[in-house]
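Each remark here refers to the structure printed beneath this line.
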Protein chains: 2
Amino acid sequence: LADSNRSQVIIIGAGFGGIKAARALRKAPVDVTVIDRNNYHTFQPLLYQVATAGLEPGDIAYAIRGIFRKQNNVAFRLGEVTDVSLADRFLWMSDGARLPYDYLIVASGAETNDFGVEGVSEHAFGLKTLDDAVRIRNHILFQFELCNSRPELVDEGALTFVIVGGGSTGVEVAGALMELFDHVLRKDFQRSTIEPAQIILVEQGARLLPSFNDRQSGFALKKLERWGVKVELGCSLARVESGGCVLESGKSIDTKTVIWAAGVRGASPRGFDSVPVLSGGRFQIRANLSLESHNEVFVIGDLAGAQVDETFLPQTALPAIQEGRHAGCEIRAAVRGKKSRPFKYRDLGQMATIGRHAAVVELPGGLKLRGYVAWLAWLLLHLIKLIGFRNRASVLVNWVWNYWTFDRTARLIFGHPVDRNSASK
Amino acid sequence: LADSNRSQVIIIGAGFGGIKAARALRKAPVDVTVIDRNNYHTFQPLLYQVATAGLEPGDIAYAIRGIFRKQNNVAFRLGEVTDVSLADRFLWMSDGARLPYDYLIVASGAETNDFGVEGVSEHAFGLKTLDDAVRIRNHILFQFELCNSRPELVDEGALTFVIVGGGSTGVEVAGALMELFDHVLRKDFQRSTIEPAQIILVEQGARLLPSFNDRQSGFALKKLERWGVKVELGCSLARVESGGCVLESGKSIDTKTVIWAAGVRGASPRGFDSVPVLSGGRFQIRANLSLESHNEVFVIGDLAGAQVDETFLPQTALPAIQEGRHAGCEIRAAVRGKKSRPFKYRDLGQMATIGRHAAVVELPGGLKLRGYVAWLAWLLLHLIKLIGFRNRASVLVNWVWNYWTFDRTARLIFGHPVDRNSASK
């Protein structure tokens, strides 16, 4: 593929942003190399459904080589980028390879941000990768199996599940977990095993879903509480320990399961020490998404410090997609000698699902939906957005099955060994 | 559930035999405990499709609690049986629990049999569990990714795949692997990466599929060779090493991938030292499948030494299912004071698939099918036999997709870390 006359573009990361950027370079006279540490793209908005046994991991993962099968100027490379030399325009891979570039797109996404809370990295579960999701699923299902054989473990908090963070991830996990307990595990286990199970959702602020309108937040709170989730507002975590967690108020909770959904922070390979880092680990960038110091390097997605009205864009899929497309177009323009344009974010609104028949949607025109219609809109959009017919069909089959039967066939303890002795992470 | 007046039945293993036995006890006045080390049942006949990226692991796994959801006299227990005391009628679990029984059904299946060949357990891949299958899938896909970045590894045999054993498992893996290479990976990778890939199927005997008719064997050989599989008949392995394997002839093959499909041997917990062991690790049993020394203990499936015409039944699903049903009926009869009956095997024939449009079927009446019709019969039977609507639907979606598009969406390196440095097992 490589042609020494053509510009070499390297894209680090095959998330939403990286894929869109590569696509935007489809007709550009460049050679594109997409690098990712996995051979699949993860549809992150549905990670929480894998973590709560609603979908199989394979339903939300798609082979990257399959995505670019028909795009001849893209090569894929599996591996980890260990270091980037901005000055000399090359990067190092973990297998020792040294890859030079003319243009670089940094789309390496985000990682769990513990905000310095003690014990999070050792004892809490993050939810940013497919591995994380499967680890949570296996751990939760295993707690029930454990308490089925050894009911005395309930007193140690084996069936107390703490979710930290009342943003959309936290709300989605809490709602889906309650459905798993109430509709599925209730039929799998005896009453004495399932009854003591409790879900506690801890949010530092005064309301759930802070990025949404007040009434939407109230709707989410009402729904979750009606289903039996204990929501603790204005409450933050002091630390996580091996057998529990301690709140700022001094109250401690016995639990083997703390799911950390309180936030993320941009994650990049080494080599960007000279770039100013802003809130949420975002890199300071120019209006066209390139680095101040290196106009051949673009930063997109969770790592990009793009702002609208002096507010950073959320670290979610929609900005990543638009930024990816823009970075690709910028490189195409540069190669063709055309002029650079600033990135303009088109607000498409936001949505979050709470559970069965319950979601919230806010559209940019000011239209706000709650409940059943919002839930249908959420389902439809996510189904359409899943890449590839196969995944869509499988997700649809799963959803219809789960909906009609209140069953979840994905409740398998598989793919990550659970620690069968200590019973905590 | 436990009622001291009711007989306690323990079933070790939730494979085909164990599940059928529990089902047969549906209306018996007994309490049944099914024990398995996984919380799911594995549909083993399709393991080879997971190993060759045709199906997702979840497609052939089914939550055991879901299977028995409507059978009130069954309790499930996740864990490993470490020891059985036949004399005192109880068993020990790995979590320290001691479970007494009145009747015991040993349905713990089989494990890979290396027949004493050196290096198999260290350097070859078995294919008996879902973990095995995922490990093989990840390893194979990773070899291609490796050779994509480092073409020099091809000379070390990174793209040489050796399958040992020409029975149905070996033939199925060889055929499905060739399809994966030829139809899927050929589009994913450059010509120079995919061209050197080769599959070598090694069989000790004079023909493939030895349990089938001569002409069926010839058909399988012709098909596989036409697709490009190198079939080495009358050839056995002397040993497996970290970078290759050595044949009895002294010839050595550089390879990172030896898949051992040469045979299995019955596997049981400790405590059966007093029971005579026959060919293939089978336990010697009476005509009603119980142990000579303990008529309250039944042995079924891969472990059972049941014979027809002085030949042991094959260690496959069909005998296990019939034996499971018989053992359940025997216990039901015993509890009700009715008399014991000998097990009678009903021959339902055998089938094996070679690949696209190619399978062989032998029915008990003497009817033999080859090719397209046999392949359709194979597909239909396996689809019907998969437990649960969801799995069937998902498998059907996968198969139709794979068939029409020559694509395989399950080609994900996920769920088992591959050793990225040594690149061999």
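Each chain gets a letter, A, B and so on, in the order its sequence line appears, and its residues count up from 1. What you see is a predicted model, and the numbers here were worked out from it, not measured in a lab.
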Subject >> Side-chain donor/acceptor of N148(B) to backbone N/O of F76(A), under 3.5 Å >> reply: yes

Subject >> Contact leader toward chain A among S149(B), S94(B), G96(B), where contacts are heavy-atom pairs under 4.5 Å >> reply: S149(B)

Subject >> Step-by-step side chain to side chain contact (heavy atoms under 4.5 Å, CB included) determination, N39(A) to F142(B) >> reply: CA-CA 9 Å; N39(A) 81 331; F142(B) 189 61; over 6 Å; no

Original post:
What distance do T42(B) atom OG1 and F414(A) atom CZ have between them, rounded to the nearest 0.5 Å?
Top reply: 8.0 Å

**OP:** Any chance you could measure L78(B), atom CG, to E145(A), atom CD, to the nearest 0.5 Å?
**Re:** 5.0 Å

Original post:
Can you check side chain to side chain contact (heavy atoms under 4.5 Å, CB included) on R69(B) and V184(A), steps first, answer last?
Top reply: CA-CA 10 Å; R69(B) 197 180 249 199; V184(A) 183; 3.7 Å; yes

Subject >> Spacing of CD belonging to E56(B) relative to CG belonging to D59(A), to within rounding of 0.5 Å >> reply: 7.0 Å

